[in-house]
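Written below as C-alpha coordinates is the structure these notes are about.
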Amino acid sequence: MGDRRYRAAPPEALRVEPLGQLTAIFDRRSVQTHLVVTPMPEILAAMGAEPCDAEMLAARLAADFDLEGEGDVCAIVAERLRELAELGLVTPA
Amino acid sequence: MRHSTRIAVGPVQFRVGSDWAEPIAALDRLYANYSKHEDRPADATVRLFAARPWRRWLRPSVHIGGDYVVPDALPLPLSMGLLAAEMGMNLQVALGWRRHLLLHASAVAKGARAVILSGASGSGKSTLAALLGEGDWRLMGDEFTLLAPESGEAFAFPRAVSLKNEAIAELASRVDPARLGPLLAGTPKGDIRHLVPCAEAIDRMDEAARPSLLLFPRFGGDAAVEPMGEGEAFVRLTEASTNYIALGEAGFDALTRLVREVPAFAIAYPDSASGMALVEQLWAEAAR
(Lines give C-alpha, C1' and ligand atoms only; values in the text may rest on other atoms or scores of the structure.)
Protein backbone atom coordinates (compact mmCIF):
# COMPACT_ATOMS: atom_id res chain seq x y z
CA MET A 1 0.00 0.00 0.00
CA GLY A 2 3.08 2.24 0.29
CA ASP A 3 2.76 3.22 -3.36
CA ARG A 4 -0.74 4.65 -3.05
CA ARG A 5 -0.76 8.26 -4.23
CA TYR A 6 -2.50 11.10 -2.48
CA ARG A 7 -3.25 14.67 -3.38
CA ALA A 8 -2.97 17.53 -0.88
CA ALA A 9 -5.86 19.88 -0.24
CA PRO A 10 -5.69 23.09 -2.26
CA PRO A 11 -3.67 25.65 -0.26
CA GLU A 12 -6.67 27.94 0.30
CA ALA A 13 -8.70 25.09 1.85
CA LEU A 14 -6.71 24.73 5.06
CA ARG A 15 -5.58 26.99 7.87
CA VAL A 16 -2.67 25.35 9.65
CA GLU A 17 -1.77 26.92 12.99
CA PRO A 18 0.95 25.42 15.21
CA LEU A 19 -0.02 25.68 18.89
CA GLY A 20 2.94 24.36 20.86
CA GLN A 21 2.88 20.54 20.81
CA LEU A 22 -0.30 20.47 18.77
CA THR A 23 -1.19 21.85 15.39
CA ALA A 24 -4.72 23.05 14.78
CA ILE A 25 -5.93 22.66 11.21
CA PHE A 26 -9.12 24.38 10.14
CA ASP A 27 -10.66 22.89 7.00
CA ARG A 28 -12.71 25.58 5.28
CA ARG A 29 -14.51 22.98 3.13
CA SER A 30 -15.89 20.91 6.02
CA VAL A 31 -15.74 23.76 8.61
CA GLN A 32 -14.05 21.24 10.91
CA THR A 33 -11.10 21.76 13.21
CA HIS A 34 -8.52 18.96 13.39
CA LEU A 35 -5.88 18.74 16.06
CA VAL A 36 -2.82 16.82 14.99
CA VAL A 37 0.71 16.17 16.17
CA THR A 38 3.97 15.67 14.37
CA PRO A 39 4.54 14.29 11.69
CA MET A 40 1.11 15.21 10.27
CA PRO A 41 1.86 18.92 9.66
CA GLU A 42 5.26 18.04 8.20
CA ILE A 43 3.71 15.51 5.81
CA LEU A 44 1.10 18.04 4.66
CA ALA A 45 3.76 20.70 4.18
CA ALA A 46 5.91 18.32 2.12
CA MET A 47 3.14 17.31 -0.30
CA GLY A 48 3.04 20.19 -2.78
CA ALA A 49 0.54 20.39 -5.62
CA GLU A 50 1.22 17.09 -7.37
CA PRO A 51 0.00 13.68 -6.17
CA CYS A 52 2.65 11.84 -4.23
CA ASP A 53 3.11 8.52 -2.48
CA ALA A 54 4.70 7.56 0.82
CA GLU A 55 8.06 6.82 -0.75
CA MET A 56 8.33 10.25 -2.35
CA LEU A 57 7.26 11.92 0.88
CA ALA A 58 9.65 9.87 3.00
CA ALA A 59 12.51 11.02 0.75
CA ARG A 60 11.44 14.67 1.02
CA LEU A 61 11.08 14.44 4.80
CA ALA A 62 14.48 12.74 5.11
CA ALA A 63 16.01 15.71 3.29
CA ASP A 64 14.60 18.15 5.86
CA PHE A 65 14.66 16.13 9.06
CA ASP A 66 17.02 13.71 10.75
CA LEU A 67 15.00 10.49 10.53
CA GLU A 68 17.76 8.10 11.50
CA GLY A 69 16.49 5.56 14.03
CA GLU A 70 12.85 6.40 13.22
CA GLY A 71 12.22 2.90 11.82
CA ASP A 72 10.57 2.22 8.48
CA VAL A 73 9.82 5.82 7.57
CA CYS A 74 8.06 4.84 4.36
CA ALA A 75 5.62 2.56 6.22
CA ILE A 76 5.00 5.20 8.89
CA VAL A 77 4.28 7.88 6.29
CA ALA A 78 1.94 5.50 4.42
CA GLU A 79 -0.02 4.89 7.63
CA ARG A 80 -0.20 8.62 8.45
CA LEU A 81 -1.37 9.36 4.89
CA ARG A 82 -4.22 6.90 5.35
CA GLU A 83 -5.17 8.70 8.56
CA LEU A 84 -5.00 12.11 6.89
CA ALA A 85 -7.27 10.75 4.13
CA GLU A 86 -9.76 9.60 6.78
CA LEU A 87 -9.80 13.15 8.15
CA GLY A 88 -10.41 14.45 4.63
CA LEU A 89 -7.17 16.47 4.70
CA VAL A 90 -5.69 14.56 1.73
CA THR A 91 -7.51 12.64 -1.00
CA PRO A 92 -6.43 9.48 -2.82
CA ALA A 93 -5.27 10.54 -6.27
CA MET B 1 -47.41 35.79 26.96
CA ARG B 2 -49.45 37.45 29.65
CA HIS B 3 -46.46 38.89 31.52
CA SER B 4 -43.16 40.06 30.12
CA THR B 5 -40.06 42.09 30.81
CA ARG B 6 -36.92 43.31 29.07
CA ILE B 7 -33.38 42.89 30.40
CA ALA B 8 -30.06 43.98 28.86
CA VAL B 9 -27.10 41.89 30.00
CA GLY B 10 -23.89 43.01 28.29
CA PRO B 11 -24.59 43.10 24.55
CA VAL B 12 -27.61 40.80 24.78
CA GLN B 13 -31.15 42.19 24.86
CA PHE B 14 -33.54 39.69 26.38
CA ARG B 15 -37.28 39.57 26.21
CA VAL B 16 -38.71 37.26 28.84
CA GLY B 17 -42.36 36.31 28.69
CA SER B 18 -44.28 34.19 31.14
CA ASP B 19 -47.73 32.78 31.68
CA TRP B 20 -47.33 33.76 35.34
CA ALA B 21 -46.57 37.03 37.07
CA GLU B 22 -44.22 35.63 39.74
CA PRO B 23 -41.08 34.83 37.68
CA ILE B 24 -41.30 38.20 35.91
CA ALA B 25 -41.65 40.06 39.21
CA ALA B 26 -38.64 38.14 40.59
CA LEU B 27 -36.58 39.02 37.51
CA ASP B 28 -37.58 42.67 37.70
CA ARG B 29 -36.38 42.77 41.32
CA LEU B 30 -33.08 41.04 40.49
CA TYR B 31 -32.40 43.17 37.41
CA ALA B 32 -33.80 46.47 38.71
CA ASN B 33 -30.48 48.29 38.13
CA TYR B 34 -29.94 47.00 34.59
CA SER B 35 -30.82 49.02 31.49
CA LYS B 36 -33.99 48.04 29.68
CA HIS B 37 -33.54 49.47 26.15
CA GLU B 38 -37.20 48.92 25.25
CA ASP B 39 -36.58 50.65 21.91
CA ARG B 40 -34.03 48.09 20.71
CA PRO B 41 -35.11 44.78 19.23
CA ALA B 42 -34.64 41.77 21.47
CA ASP B 43 -31.76 39.43 20.61
CA ALA B 44 -33.15 36.50 22.52
CA THR B 45 -36.60 35.60 23.67
CA VAL B 46 -37.33 33.36 26.62
CA ARG B 47 -40.79 32.01 27.20
CA LEU B 48 -41.99 30.35 30.34
CA PHE B 49 -45.18 28.63 29.43
CA ALA B 50 -47.71 26.27 30.88
CA ALA B 51 -47.74 22.87 29.23
CA ARG B 52 -51.50 23.15 28.72
CA PRO B 53 -53.64 26.19 29.41
CA TRP B 54 -55.31 24.75 32.52
CA ARG B 55 -51.98 23.75 34.05
CA ARG B 56 -51.38 27.39 34.74
CA TRP B 57 -53.84 27.02 37.60
CA LEU B 58 -53.91 23.36 38.42
CA ARG B 59 -50.37 22.08 38.91
CA PRO B 60 -48.29 25.06 37.96
CA SER B 61 -45.20 23.87 36.18
CA VAL B 62 -42.87 26.00 34.12
CA HIS B 63 -41.60 24.90 30.72
CA ILE B 64 -38.71 26.76 29.18
CA GLY B 65 -38.97 27.84 25.58
CA GLY B 66 -37.68 30.53 23.30
CA ASP B 67 -35.97 31.01 19.98
CA TYR B 68 -34.18 27.72 20.59
CA VAL B 69 -35.90 24.95 22.47
CA VAL B 70 -34.06 22.16 24.16
CA PRO B 71 -36.39 19.17 24.03
CA ASP B 72 -35.30 17.62 27.31
CA ALA B 73 -35.53 20.83 29.36
CA LEU B 74 -37.43 19.64 32.40
CA PRO B 75 -40.50 21.48 33.56
CA LEU B 76 -39.87 23.07 36.94
CA PRO B 77 -42.45 23.85 39.60
CA LEU B 78 -43.65 27.44 39.67
CA SER B 79 -41.63 28.17 42.80
CA MET B 80 -38.60 27.64 40.54
CA GLY B 81 -39.86 30.12 37.95
CA LEU B 82 -36.91 32.44 38.52
CA LEU B 83 -34.47 29.58 38.01
CA ALA B 84 -36.33 28.58 34.85
CA ALA B 85 -36.08 32.14 33.55
CA GLU B 86 -32.33 32.25 34.27
CA MET B 87 -31.82 28.85 32.66
CA GLY B 88 -33.82 29.99 29.68
CA MET B 89 -31.71 33.15 29.31
CA ASN B 90 -28.52 31.07 29.46
CA LEU B 91 -29.87 28.61 26.92
CA GLN B 92 -30.87 31.26 24.43
CA VAL B 93 -27.43 32.83 24.59
CA ALA B 94 -25.55 29.52 24.55
CA LEU B 95 -27.47 28.25 21.54
CA GLY B 96 -28.29 31.36 19.61
CA TRP B 97 -25.59 33.98 20.00
CA ARG B 98 -23.36 34.47 16.95
CA ARG B 99 -21.74 37.89 17.35
CA HIS B 100 -19.09 36.66 19.76
CA LEU B 101 -17.31 33.44 20.55
CA LEU B 102 -19.08 32.31 23.67
CA LEU B 103 -16.98 30.73 26.37
CA HIS B 104 -18.52 28.92 29.29
CA ALA B 105 -16.21 30.80 31.62
CA SER B 106 -16.31 33.47 34.28
CA ALA B 107 -14.25 36.63 33.99
CA VAL B 108 -13.05 39.49 36.15
CA ALA B 109 -11.19 42.63 35.08
CA LYS B 110 -8.85 45.23 36.45
CA GLY B 111 -8.74 48.33 34.32
CA ALA B 112 -8.84 47.23 30.69
CA ARG B 113 -7.42 43.75 31.27
CA ALA B 114 -9.28 40.57 32.12
CA VAL B 115 -8.73 37.17 33.69
CA ILE B 116 -10.80 34.41 32.14
CA LEU B 117 -11.61 31.41 34.34
CA SER B 118 -12.78 28.37 32.44
CA GLY B 119 -13.95 25.15 34.03
CA ALA B 120 -16.79 22.69 34.31
CA SER B 121 -19.56 23.00 36.88
CA GLY B 122 -18.06 22.45 40.33
CA SER B 123 -14.64 23.87 39.36
CA GLY B 124 -15.46 26.88 41.51
CA LYS B 125 -14.98 29.43 38.72
CA SER B 126 -18.28 31.10 39.48
CA THR B 127 -17.62 31.44 43.23
CA LEU B 128 -14.07 32.65 42.65
CA ALA B 129 -15.25 35.31 40.22
CA ALA B 130 -18.06 36.39 42.55
CA LEU B 131 -15.64 36.72 45.49
CA LEU B 132 -13.09 38.64 43.39
CA GLY B 133 -15.95 40.85 42.19
CA GLU B 134 -16.61 41.83 45.82
CA GLY B 135 -13.01 43.05 46.09
CA ASP B 136 -11.15 45.35 43.72
CA TRP B 137 -12.01 43.42 40.56
CA ARG B 138 -14.85 44.17 38.19
CA LEU B 139 -17.03 41.09 37.74
CA MET B 140 -17.55 40.57 34.00
CA GLY B 141 -19.59 37.41 34.35
CA ASP B 142 -19.91 34.22 36.37
CA GLU B 143 -21.11 31.94 33.57
CA PHE B 144 -20.28 33.26 30.10
CA THR B 145 -17.52 35.37 28.61
CA LEU B 146 -17.97 36.76 25.11
CA LEU B 147 -14.97 37.08 22.85
CA ALA B 148 -15.07 39.45 19.87
CA PRO B 149 -13.68 37.53 16.87
CA GLU B 150 -12.17 40.61 15.17
CA SER B 151 -10.51 42.37 18.08
CA GLY B 152 -9.99 39.47 20.50
CA GLU B 153 -11.50 41.59 23.29
CA ALA B 154 -13.61 40.07 26.04
CA PHE B 155 -17.11 41.39 26.65
CA ALA B 156 -18.97 41.08 29.92
CA PHE B 157 -22.15 39.15 30.51
CA PRO B 158 -22.81 40.04 34.15
CA ARG B 159 -26.14 38.39 34.73
CA ALA B 160 -27.13 37.78 38.34
CA VAL B 161 -24.57 35.40 39.82
CA SER B 162 -26.02 31.99 40.43
CA LEU B 163 -24.64 30.99 43.84
CA LYS B 164 -24.87 27.28 44.56
CA ASN B 165 -24.82 25.35 47.84
CA GLU B 166 -21.79 26.30 50.02
CA ALA B 167 -21.13 29.43 47.96
CA ILE B 168 -24.42 30.91 49.20
CA ALA B 169 -23.24 31.24 52.81
CA GLU B 170 -19.76 32.31 51.71
CA LEU B 171 -21.10 35.28 49.76
CA ALA B 172 -24.16 36.04 51.89
CA SER B 173 -21.91 36.91 54.84
CA ARG B 174 -20.11 39.56 52.75
CA VAL B 175 -22.85 41.38 50.86
CA ASP B 176 -25.86 43.58 51.51
CA PRO B 177 -28.85 41.19 51.85
CA ALA B 178 -30.77 43.42 49.44
CA ARG B 179 -28.47 42.12 46.67
CA LEU B 180 -29.59 38.51 47.20
CA GLY B 181 -32.55 36.89 45.47
CA PRO B 182 -34.84 34.33 47.13
CA LEU B 183 -33.33 31.00 48.22
CA LEU B 184 -34.30 28.33 45.69
CA ALA B 185 -33.88 25.16 47.73
CA GLY B 186 -33.66 21.68 46.26
CA THR B 187 -33.34 22.55 42.58
CA PRO B 188 -31.83 19.96 40.20
CA LYS B 189 -28.49 21.72 40.90
CA GLY B 190 -28.96 21.87 44.67
CA ASP B 191 -29.70 25.09 46.55
CA ILE B 192 -29.42 28.24 44.46
CA ARG B 193 -29.51 31.90 45.37
CA HIS B 194 -28.91 34.74 42.95
CA LEU B 195 -26.58 37.62 43.74
CA VAL B 196 -26.94 40.98 42.03
CA PRO B 197 -23.42 42.02 40.94
CA CYS B 198 -21.83 45.18 42.37
CA ALA B 199 -23.00 48.47 40.87
CA GLU B 200 -19.66 48.85 39.06
CA ALA B 201 -20.13 45.50 37.27
CA ILE B 202 -23.56 46.61 36.03
CA ASP B 203 -22.65 50.21 35.19
CA ARG B 204 -19.56 49.18 33.21
CA MET B 205 -20.97 46.05 31.57
CA ASP B 206 -20.47 47.48 28.08
CA GLU B 207 -16.73 48.03 28.58
CA ALA B 208 -14.57 45.45 26.84
CA ALA B 209 -11.32 44.20 28.35
CA ARG B 210 -8.23 42.60 26.83
CA PRO B 211 -7.82 38.96 27.97
CA SER B 212 -4.51 38.87 29.85
CA LEU B 213 -4.62 35.66 31.88
CA LEU B 214 -6.35 32.37 31.21
CA LEU B 215 -7.01 30.10 34.19
CA PHE B 216 -8.49 26.62 34.40
CA PRO B 217 -9.44 26.27 38.07
CA ARG B 218 -10.19 23.03 39.86
CA PHE B 219 -11.61 23.12 43.36
CA GLY B 220 -10.10 20.52 45.73
CA GLY B 221 -6.67 19.17 46.58
CA ASP B 222 -3.53 21.07 47.47
CA ALA B 223 -2.90 24.47 45.94
CA ALA B 224 -1.06 23.94 42.65
CA VAL B 225 -0.19 25.87 39.52
CA GLU B 226 0.60 24.14 36.23
CA PRO B 227 1.46 26.14 33.10
CA MET B 228 -0.67 25.02 30.18
CA GLY B 229 0.51 24.80 26.58
CA GLU B 230 -1.28 26.57 23.74
CA GLY B 231 -2.57 23.31 22.28
CA GLU B 232 -4.19 22.08 25.50
CA ALA B 233 -5.70 25.50 26.20
CA PHE B 234 -7.11 25.50 22.67
CA VAL B 235 -8.68 22.05 23.11
CA ARG B 236 -10.16 22.95 26.49
CA LEU B 237 -11.62 26.20 25.18
CA THR B 238 -13.22 24.57 22.14
CA GLU B 239 -14.92 22.28 24.66
CA ALA B 240 -15.88 25.26 26.83
CA SER B 241 -17.38 27.16 23.91
CA THR B 242 -21.04 26.71 23.13
CA ASN B 243 -20.83 28.18 19.62
CA TYR B 244 -17.29 27.44 18.40
CA ILE B 245 -18.53 25.20 15.58
CA ALA B 246 -21.29 27.60 14.56
CA LEU B 247 -18.80 30.45 14.21
CA GLY B 248 -16.61 28.55 11.76
CA GLU B 249 -13.31 30.18 10.86
CA ALA B 250 -14.03 33.29 12.95
CA GLY B 251 -14.12 31.06 16.04
CA PHE B 252 -10.91 29.32 14.99
CA ASP B 253 -9.21 32.71 14.58
CA ALA B 254 -10.43 33.99 17.93
CA LEU B 255 -9.28 30.91 19.84
CA THR B 256 -5.87 30.50 18.19
CA ARG B 257 -5.18 34.16 18.87
CA LEU B 258 -6.33 33.92 22.48
CA VAL B 259 -4.16 30.92 23.37
CA ARG B 260 -1.12 32.45 21.65
CA GLU B 261 -1.39 35.86 23.25
CA VAL B 262 -2.50 34.96 26.75
CA PRO B 263 -0.58 32.88 29.32
CA ALA B 264 -2.61 29.90 30.55
CA PHE B 265 -2.44 27.91 33.79
CA ALA B 266 -4.33 25.07 35.41
CA ILE B 267 -4.79 25.83 39.08
CA ALA B 268 -6.00 23.66 41.95
CA TYR B 269 -7.05 25.11 45.30
CA PRO B 270 -8.42 23.71 48.56
CA ASP B 271 -10.55 26.73 49.51
CA SER B 272 -11.69 30.07 48.14
CA ALA B 273 -9.03 32.09 49.96
CA SER B 274 -6.20 30.05 48.37
CA GLY B 275 -7.92 30.24 45.00
CA MET B 276 -8.16 34.02 45.18
CA ALA B 277 -4.52 34.25 46.31
CA LEU B 278 -3.44 32.16 43.29
CA VAL B 279 -5.35 34.42 40.92
CA GLU B 280 -3.73 37.53 42.44
CA GLN B 281 -0.26 35.94 42.33
CA LEU B 282 -0.55 34.85 38.66
CA TRP B 283 -2.05 38.23 37.77
CA ALA B 284 0.91 40.03 39.33
CA GLU B 285 3.33 37.77 37.44
CA ALA B 286 1.46 38.20 34.13
CA ALA B 287 1.54 41.98 34.53
CA ARG B 288 5.33 42.03 34.73
Side-chain angles (χ1 to χ4, degrees), chain A residues 6-49 57 60-61 64-67 69-71 73 76-77 79-91, chain B residues 95-105 116 118 147-152 211-216 225-267 282 286:
Chain A
Y6 293 88
R7 188 185 294 278
E12 67 278 8
L14 302 183
R15 286 273 310 276
V16 180
E17 301 288 347
L19 298 172
Q21 307 275 310
L22 293 178
T23 296
I25 300 175
F26 183 80
D27 189 337
R28 291 184 171 122
R29 301 163 299 179
S30 63
V31 201
Q32 280 189 318
T33 303
H34 304 281
L35 292 149
V36 298
V37 293
T38 199
M40 299 301 211
E42 292 80 2
I43 290 174
L44 289 176
M47 285 185 78
L57 281 169
R60 287 182 206 169
L61 290 168
D64 289 338
F65 300 94
D66 177 12
L67 300 179
E70 293 292 326
V73 174
I76 293 169
V77 171
E79 182 63 30
R80 296 292 91 80
L81 277 169
R82 275 195 291 279
E83 291 165 3
L84 285 168
E86 280 171 20
L87 297 175
L89 295 173
V90 301
T91 42
Chain B
L95 300 177
W97 195 251
R98 295 284 183 277
R99 265 180 261 164
H100 300 92
L101 181 72
L102 222 129
L103 297 177
H104 188 216
I116 295 174
S118 174
L147 214 60
E150 311 78 33
S151 68
S212 300
L213 182 61
L214 201 46
L215 298 179
F216 296 87
V225 175
E226 187 80 36
M228 189 181 289
E230 293 171 3
E232 185 180 351
F234 181 90
V235 173
R236 290 214 196 193
L237 290 173
T238 54
E239 289 167 357
S241 174
T242 59
N243 65 354
Y244 171 76
I245 291 167
L247 255 60
E249 194 168 355
F252 181 80
D253 279 338
L255 270 198
T256 47
R257 176 177 178 172
L258 180 69
V259 300
R260 279 181 177 154
E261 289 182 354
V262 180
F265 299 89
I267 60 171
L282 291 167

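Throughout, a chain's letter reflects where its sequence line sits, starting with A, and its residues are numbered from 1. All figures in this text were calculated on a predicted structure; none of them were measured in a lab.
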- Query: Is there side-chain contact between A/Glu17 and B/Phe252, with at least one heavy-atom pair below 4.5 Å?
  - Reply: yes
- Task: Kindly give the heavy-atom pair with the smallest separation between A/Val31 and B/Ile245, and that separation in Å.
- Result: CG1-O, 4.4 Å
- Engaged part of A/Arg15 at the chain B interface, taking heavy atoms whose separation is under 4.5 Å: both
- B/Thr256 and A/Leu19: CA distance, side-chain angles, deciding distance, side chain to side chain contact (heavy atoms under 4.5 Å, CB included) verdict: CA-CA 8 Å; B/Thr256 47; A/Leu19 298 172; 4.2 Å; yes
- Task: Count the heavy atoms of every other residue, nucleotide or ligand shown that sit under 6.0 Å from CD of B/Glu226, and state whether that count exceeds 12.
- Result: no
- What do you reckon, is CD of A/Gln21 surrounded by more than 12 foreign heavy atoms closer than 6.0 Å? no
- Of B/Leu255, B/Asp253, B/Val259, the largest count of non-hydrogen pairs under 4.5 angstrom with chain A goes to B/Asp253
- Item | salt bridge (Lys or Arg N to Asp or Glu O under 4.0 Å) contacts touching residues 233-243 of chain B (sequence neighbours left out) | B/Glu232-B/Arg236
- Would B/Thr238 and A/Thr33 count as a side chain to side chain contact (heavy atoms under 4.5 Å, CB included) if you check the C-alpha gap in whole Å, the side-chain angles of each, and the deciding distance to 0.1 Å? CA-CA 10 Å; B/Thr238 54; A/Thr33 303; 5.6 Å; no
